[in-house]
There are 2 protein chains.
Amino acid sequence: MTHDEQAEREEALVQRVVDSFAGAPDARLRQLTQAAVRHLHAFLREVRLTEAEWKQGIDFLTAVGHTTDERRQEFILLSDTLGASMQTITVNNPADGDATEATVFGPFFVEDSPRIEHGGDIAMGAPGQPCWVEGTVRDTAGAPVAGARIEVWEADEDGFYDVQYADGRTTGRAHLFTDDEGRYSFWGITPTPYPIPHDGPVGAMLAATGRSPMRASHLHFMVTAEGLRTLVTHIFVRGDELLASDSVFGVKESLVKDFVEHGADDPTPDGRDLGGRAWSSTRFDVVLGRG
Amino acid sequence: MTHDEQAEREEALVQRVVDSFAGAPDARLRQLTQAAVRHLHAFLREVRLTEAEWKQGIDFLTAVGHTTDERRQEFILLSDTLGASMQTITVNNPADGDATEATVFGPFFVEDSPRIEHGGDIAMGAPGQPCWVEGTVRDTAGAPVAGARIEVWEADEDGFYDVQYADGRTTGRAHLFTDDEGRYSFWGITPTPYPIPHDGPVGAMLAATGRSPMRASHLHFMVTAEGLRTLVTHIFVRGDELLASDSVFGVKESLVKDFVEHGADDPTPDGRDLGGRAWSSTRFDVVLGRG
């Protein structure tokens, strides 16, 4: 058989599979499935995937599936570490004036976080250096957004989110609302670097390919307001040496912020007594795109 | 932002992810991961995947993972129904003279099947019309292959393989060896159509896209012999109306065989008494490619 005949057989198979989806009643689902088939087959044909590699792929996906439960979403980790999450965000969040850039959602957001007032503490006992965070929420015309809901969540200084502990604790997460002038402020903890969960198949993939599981230090935000584009993002810490090799490709220069270090004797912005601990502070002014 | 700037941002992200795998010590793993990233991102960018669709994708893969256990391999079903299994087989089994064509392995093969002698019955109690199968195994030079191991497995007339029952039965599967002249023969049951397991997420995908879960009637073979290419294939039943719409794209014209119907009074090839039942017979001459 010639090379051309082999290519024809392979192309004919792609076409048969694409055609099998031609009767999908929903036009968008038809588009998605047919495109997925074309790209999947293009991959298989380009790399000339062996049957042993196909089996390894099935075993890998099976392991990812079996690692996933209510507390651990290994498919999201896989999507994140392949940059697929970040690409989806990039596709869906084209720049809109000076609207704040989006980044990955990650697997650690939890619904129904505790509500705090301005100046409240999201740490709720999570270990770490206190960090004062303040800023405003505005729209792209510069108008303050009152009543915007700000969800914040972060890992503790040991590198774990509350949901990674088995004791059911709720720490390092909360939500609050902007005031009439669009302002917000809260105490959190200074972000520190941590690895994504890497004791599962995604961690094995990173190890096998010489990649680090470390995420650059960050604090998660989700900001929602009626009629405006929901923003899912992080802020990062200027000077963090992991900024260039973040394991989920989440870093954008515009999201890197100065975190100012303060000694234990520096007065806190709200007069809070930190019991003789050093602290940090940062500012994050959010601009929400049009809905 | 212009269209070009958006495209540049998306392409820059693809390149960052591809570059992150540049240090993979194994060259083949580097090639596979980098190609997977490029094709995955090309899909996301082409279809402009929404964040809600991304979430549906994560949920779908999670459901596939949770449906998979020791007895049910939903990822293989997914690969099969997307034609990925058949494409992998096509890539790896280019024609070699008149070597018998390969088709999908499927999820129902089991190691350590019972051994039978020539003329033995693989049904072992599985319900269905008796079917006499005979043939030879040769190499592409036409020489008989003695001692080739032939694994055969099939669904019963209710459409189920033994492993789909919860009672641990072993029916509808066996292995035997060719004699010195490369011949083999056994009793099985006449293949009947059945749906792939479609009570899980893959079945939901087929239903949502207007596809049938039915497989064309078939009997599985795996033939192995020292120094020759292992053949994984099926034979199909000429006249089966499902030949054109097989849910896993496994049908090849060269694998469609005549199954001759015999009345209860027709003498059987080996004199076996079928207790007054009608039966069928077919012939499948195998040619193994070079190893």
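Below, chains carry the letters A, B, ... as their sequence lines are ordered, and counting in each starts from 1.
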Checklist outcome for this item: Bottom line for A:Arg16: the part with an atom under 4.5 Å from chain B's heavy atoms is both
Checklist outcome for this item: Most contact-rich option vs chain A, by heavy-atom pairs under 4.5 angstrom, among B:Gly210, B:Ala63, B:Gly83, B:Gly57, is B:Gly83
Next on the checklist: Less than 4.5 Å to any heavy atom of chain A: does that hold for the side chain of B:Val47, its backbone, both, or neither?
Outcome noted: both
Checklist outcome for this item: Heavy-atom nearest pair, A:Thr67 first then A:Glu74, reads CG2-OE1, 3.6 Å
Next on the checklist: For chain B, which candidate among A:Ala42, A:Ala22, A:Gly23 shows the most heavy-atom pairs at distances under 4.5 Å?
Outcome noted: A:Ala42
Next on the checklist: Between A:Glu53 and chain B, with a heavy-atom cut-off of 4.5 Å, which part of the residue counts as in contact: side chain, backbone, both or neither?
Outcome noted: side chain
Checklist outcome for this item: Bottom line for A:Ser212: the part with an atom under 4.5 Å from chain B's heavy atoms is neither
Checklist entry - Among side-chain atoms of B:Glu11 and B:Gln15, is any donor-acceptor pair under 3.5 angstrom? => result no
Checklist entry - Does the side chain of B:Leu288 come within less than 4.5 Å of B:Asp139's, by heavy atoms? => result no
Checklist entry - Which one of B:Asp96, B:Thr68, B:Thr81 has the most heavy-atom pairs closer than 4.5 Å to chain A? => result B:Thr68
Next on the checklist: Is B:Arg30 in contact with chain A via its backbone, its side chain, both, or neither, using a 4.5 Å heavy-atom distance?
Outcome noted: neither
Item to check | Proximity breakdown for B:Ser85 and chain A, heavy-atom pairs closer than 4.5 Å | outcome: both
Checklist entry - Looking at A:Gly65, A:Ser245, A:Ser20, which one has more heavy-atom pairs under 4.5 Å with chain B than the rest? => result A:Ser20
Checklist entry - How are the rings of B:His234 and B:His220 set to each other: parallel, tilted or perpendicular (split at 30° and 60°)? => result perpendicular
Next on the checklist: Is B:Gln73 in contact with chain A via its backbone, its side chain, both, or neither, using a 4.5 Å heavy-atom distance?
Outcome noted: side chain
Next on the checklist: Between B:Leu29, B:Ile89, B:Leu61, B:Val37, who has the most heavy-atom pairs with chain A when the cutoff is under 4.5 Å?
Outcome noted: B:Leu61
Checklist entry - Is the number of heavy atoms from other residues, nucleotides or ligands under 6.0 Å of A:Asp112 CG greater than 12? => result no
Checklist entry - Looking at side-chain heavy atoms only, is the closest gap between B:Met222 and B:Thr230 below 4.5 Å? => result yes
Next on the checklist: Applying side-chain contact (heavy atoms from CB on, under 4.5 Å) to B:Arg72 and B:Leu77, what does each step give before you reach the verdict?
Outcome noted: CA-CA 9 Å; B:Arg72 171 83 172 253; B:Leu77 282 181; 4.0 Å; yes
Item to check | Side chain / backbone / both / neither for A:Thr90 at chain B, heavy atoms under 4.5 Å | outcome: both
Checklist entry - Under 6.0 Å between the ring centres of A:Phe108 and A:Trp153? => result no
Item to check | Residue A:Thr50 versus chain B: region with a heavy atom under 4.5 Å | outcome: both
Checklist entry - Is any side-chain N of the basic residue among A:Arg149 and A:Glu226 closer than 4.0 Å to the acidic one's carboxylate O? => result no
Checklist entry - Under a 4.5 Å heavy-atom cut-off, does chain B meet the side chain of A:Ile76, its backbone, both or neither? => result both
Item to check | Residue A:Ala208 versus chain B: region with a heavy atom under 4.5 Å | outcome: both
Checklist entry - Which of the residues A:Thr33, A:Leu32, A:Leu206 is involved in the greatest number of heavy-atom pairs with chain B at under 4.5 angstrom? => result A:Leu32
Item to check | Which portion of B:Val232 sits near chain A, non-hydrogen atoms under 4.5 angstrom | outcome: neither
Checklist entry - Going by heavy atoms in the side chains, are A:Leu40 and B:Gln87 under 4.5 Å from each other? => result no
Checklist entry - Going from OG1 on A:Thr224 to CZ on A:Arg229, what distance comes out if it is rounded to the nearest 0.5 angstrom? => result 14.5 Å
